[in-house]
Amino acid sequence: MTDAPKFTTLGCRLNAYETEAMKRLAQDAGLTDAMIVNTCAVTSEAVAKARKEIRRLRRENPDAPLIVTGCAAQIDPDSFSAMDEVSHVIGNTEKLDPQTWTRLTPNFIGETERVMVNDIMSVQETAAHLIDGFGTRSRAYVQVQNGCDHRCTFCIIPYGRGNSRSVPAGVVIDQIKRLVQEGFNEVVLTGVDLTSWGADLPGEPRLGDLVMRILKLTDVPRLRISSIDSIEADDNLMQAIATEPRLMPHLHLSLQHGSDLILKRMKRRHLRDDAIAFTEEARKLRPGITFGADIIAGFPTETDDHFADSLSLVEACNLTWLHVFPYSARPGTPAAKIPHRVDGPTIKDRAARLRAAGGAAVARHFSAQHGQTHRILMEAPDMGRTEQFAEVSFATPQPVGQIINARVTGYQGNRLTATPC
């Protein structure tokens, strides 16, 4: 009896989505007894983690083919093909091509290159509607965009994902309709640079246009947007925030820093005041909306004053959910060439202080929810999420996948506690 391929996913939600698609492609091709590692390249530590995982898998499975793909493999295929543990390296475009998986099966007649990685910048389209239903039994993720046209100085991802490509609105809507028919009560729109959606499509529609069309043409109970670049928020997106209760009142913002000088050196397209103005406007349009944010600690030229600007941004924007990234130089990025003026212990300390500020923000948010009634989407019998994306614990089992009304009774750790009402 043969074993199904074993997949290991590192990195972002989009990678996890694509792993599910690869599982189906590998199964359809008849690939068995193989190990596939879907790598991340966002930091040097992520690449090192991928190499460590590859070596571990080879030790535990000395005879099975080991295939490496993902952003790290796309950016530096030669270094992975040089590893004795690796059988094949395939790129981010190739991993979603059915023919690739056919070529990797033992019964394929013909020559299969050890490295199958083409120029990602030449890709004009992103793979659409690869799978339906990835996520929990309650929440599904729909990829509407891939790649990025921007070149932030700290970021390597465009070289792994290519330039921005959009999935046409009609394709997205058809997929969401299928997901609703299958019983999913929440759909999350995902991409690498979500607010760039539509720029490569006829008529150059904006993300807000897509959101409004989805809400008009589908019966999806809850629509959620993953991470956005607030400076690119268009009028229709703001209108949807103000007028569409099915669009969830939670936005994760790609802010990265609170100092104008550091933002310029990062080659970001917004300034501190832009971030504050956006959150103030969104909160006026949708009282109760919550914000998450990505913030980098210890960029090469970050002084104490610059860091203080990031720390104060948490309160200035009333951020609730922080993703804090200690800066590490990523070879191949312009920032890696900047002389480092922040040592490792200082970076670690600043990241810890940002996380502490985030923890305090979560505690303030949770305290304000006591006695409030929320509509909660159940992800497990004892756990669901509010519309603002807070996790909620229940003492008694609730129906998974359903939206229930519950009253908040308090909080423990990183979760609210609630009882159905």
Side-chain angles (χ1 to χ4, degrees), residues 9-19 21-22 36-51 53-54 67-83 86 88-97 100 113-127 143-167 190-197 199-200 226-227 229 232 254 256 265-269 294 296 299-300 323 325-338:
T9 305
L10 305 172
C12 66
R13 178 67 65 175
L14 188 55
N15 249 16
Y17 175 95
E18 291 172 344
T19 290
M22 286 191 287
I36 299 94
V37 181
N38 197 7
T39 64
C40 173
V42 68
T43 63
S44 297
E45 287 77 8
V47 178
K49 184 177 180 180
R51 296 185 188 282
E53 181 67 10
I54 289 165
I67 301 158
V68 180
T69 187
C71 288
Q74 176 70 49
I75 292 167
D76 192 6
D78 291 343
S79 69
F80 285 97
S81 67
M83 295 179 68
V86 174
H88 294 279
V89 181
I90 60 177
N92 267 339
T93 300
E94 290 73 22
K95 72 181 182 184
L96 301 177
D97 184 348
T100 299
E113 301 93 336
R114 188 159 183 264
V115 177
M116 292 180 276
V117 181
N118 291 325
D119 178 12
I120 195 73
M121 295 300 177
S122 67
V123 179
Q124 300 297 315
E125 296 180 352
T126 194
Q143 180 185 357
V144 303
Q145 183 273 341
N146 203 342
C148 184
D149 290 337
H150 310 301
R151 297 296 182 264
C152 299
T153 60
F154 58 84
C155 186
I156 197 71
I157 296 306
Y159 305 99
R161 289 288 178 179
N163 292 318
S164 180
R165 295 97 66 198
S166 307
V167 178
T190 66
V192 174
D193 181 28
L194 202 56
T195 36
S196 70
W197 180 88
D200 56 326
S226 55
S227 179
D229 201 337
E232 291 186 332
S254 178
Q256 310 305 343
R265 288 174 177 171
M266 287 179 165
K267 207 175 178 180
R268 299 293 295 164
R269 285 158 292 120
D294 296 329
I296 295 173
F299 191 77
H323 287 182
F325 297 89
Y327 177 80
S328 64
R330 186 64 179 88
T333 62
K337 300 176 182 178
I338 300 175

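Taken from SG in Cys155 to NZ in Lys267, the straight-line distance is 12.5 Å, to the nearest 0.5 Å. Tyr327 OH to Phe154 CZ: the interatomic distance, rounded to the nearest 0.5 Å, is 9.5 Å. The structure places OG1 of Thr100 at 11.0 Å from CE of Met22, a figure rounded to the nearest 0.5 Å. With rounding to the nearest 0.5 Å, the separation of CE in Met266 from OG1 in Thr153 is 7.0 Å. Separating the CG atom in Leu10 from the CD atom in Glu53 is a distance of 6.0 Å, to the nearest 0.5 Å.
Looking at Glu232 and Arg268, no side-chain N of the basic residue comes within less than 4.0 Å of a carboxylate O on the acidic one, giving no salt bridge. With salt bridges taken as basic N to acidic carboxylate O contacts below 4.0 Å, none links Arg165 and Asp200.
Taking both residues in full, the closest heavy atoms of Val117 and Gly91 are given as CG2-N, 3.5 Å, listed atom of the first, atom of the second, then distance. For the pair Thr39 and Ala50, the tightest heavy-atom approach, listed with the atom from each and the gap, is CG2-CB, 3.7 Å. Closest approach of Ser44 to Ala329, counting heavy atoms only: OG-O, 2.9 Å. Nearest heavy atom pair, residue Ser166 against residue Ser196, reads OG-O, 4.2 Å. Residues Pro331 and Ile156 approach most closely at O-CD1, 3.7 Å, considering heavy atoms. Between Ala72 and Val47, the shortest heavy-atom contact is CB-CG2, 4.2 Å.
Taking the side-chain contact (heavy atoms from CB on, under 4.5 Å) definition, one finds that Phe325 meets it with Asp294, Ile296, His323, sequence neighbours left out. Applying the ring pair (Phe, Tyr, Trp, His ring centres under 6.0 Å) test to Phe80 and every residue at least two apart in sequence or in another chain returns nothing.
For the side-chain contact (heavy atoms from CB on, under 4.5 Å) test with Ile36, the passing option among Thr19, Thr9, Ile67, Val68 is Ile67; the others fail.
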- Report the C-alpha distance between Cys148 and Arg161 in whole Å, list the side-chain angles of each, state the deciding distance to 0.1 Å, and finish with yes or no for side chain to side chain contact (heavy atoms under 4.5 Å, CB included). CA-CA 7 Å; Cys148 184; Arg161 289 288 178 179; over 6 Å; no
- Message: Does Gln74 form a side chain to side chain contact (heavy atoms under 4.5 Å, CB included) with Ile90? I'd like the steps, not just the answer.
- Response: CA-CA 7 Å; Gln74 176 70 49; Ile90 60 177; over 6 Å; no
- Message: For Val37 and Thr69: C-alpha separation, side-chain torsions, deciding distance, then whether side chain to side chain contact (heavy atoms under 4.5 Å, CB included) applies.
- Response: CA-CA 6 Å; Val37 181; Thr69 187; over 6 Å; no
- Item | Val192/Ser164 under side chain to side chain contact (heavy atoms under 4.5 Å, CB included): CA gap, chis, key distance, verdict | CA-CA 8 Å; Val192 174; Ser164 180; over 6 Å; no
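Residues Ser79 and Arg51 have side chains in contact (heavy-atom distance under 4.5 Å, counting atoms from C-beta outward). Side-chain atoms of Ser328 and Glu45, non-hydrogen and from C-beta on, do get closer than 4.5 Å to each other. Put simply, the side chain of Cys40 does not reach to within 4.5 Å of the side chain of Cys12, judged on heavy atoms. No side-chain heavy atom of Pro158 sits under 4.5 Å from any side-chain heavy atom of Asn163. Residues Val89 and Arg114 fail the side-chain proximity criterion, which asks for heavy atoms closer than 4.5 Å. Contact of the Asn38 side chain with the Lys95 side chain is registered, since non-hydrogen atoms from C-beta on lie closer than 4.5 Å.
Formation of a donor-acceptor pair under 3.5 Å by the Glu94 side chain with backbone atoms of Leu96 is not found in this model. Remark: the backbone N or O of Leu14 is not paired with any side-chain donor or acceptor of Gln143 at under 3.5 angstrom. Distance alone, capped at 3.5 Å, places no donor-acceptor pair between the Asp229 side chain and the Asp193 backbone. With hydrogens and angles disregarded, a donor-acceptor distance shorter than 3.5 Å links the side chain of His88 to the backbone of Glu113. Side chain of Asn118 to main chain of Thr93: no donor-acceptor pair is present (N/O by atom type, distance under 3.5 Å, no hydrogens or angles). Between the Arg13 side chain and the Gly191 main chain, no donor and acceptor come within less than 3.5 Å of each other. At distances below 3.5 Å, at least one donor-acceptor pair connects side-chain atoms of Trp197 with backbone N or O atoms of Val167.
A donor-acceptor pair shorter than 3.5 Å cannot be found between the side chains of Thr333 and Arg151.
In this structure, Arg330 fails the cation-pi test against Tyr159, since its NZ or CZ atom is not both closer than 6.0 Å to the six-membered ring centre and inside 45 degrees of the ring normal.
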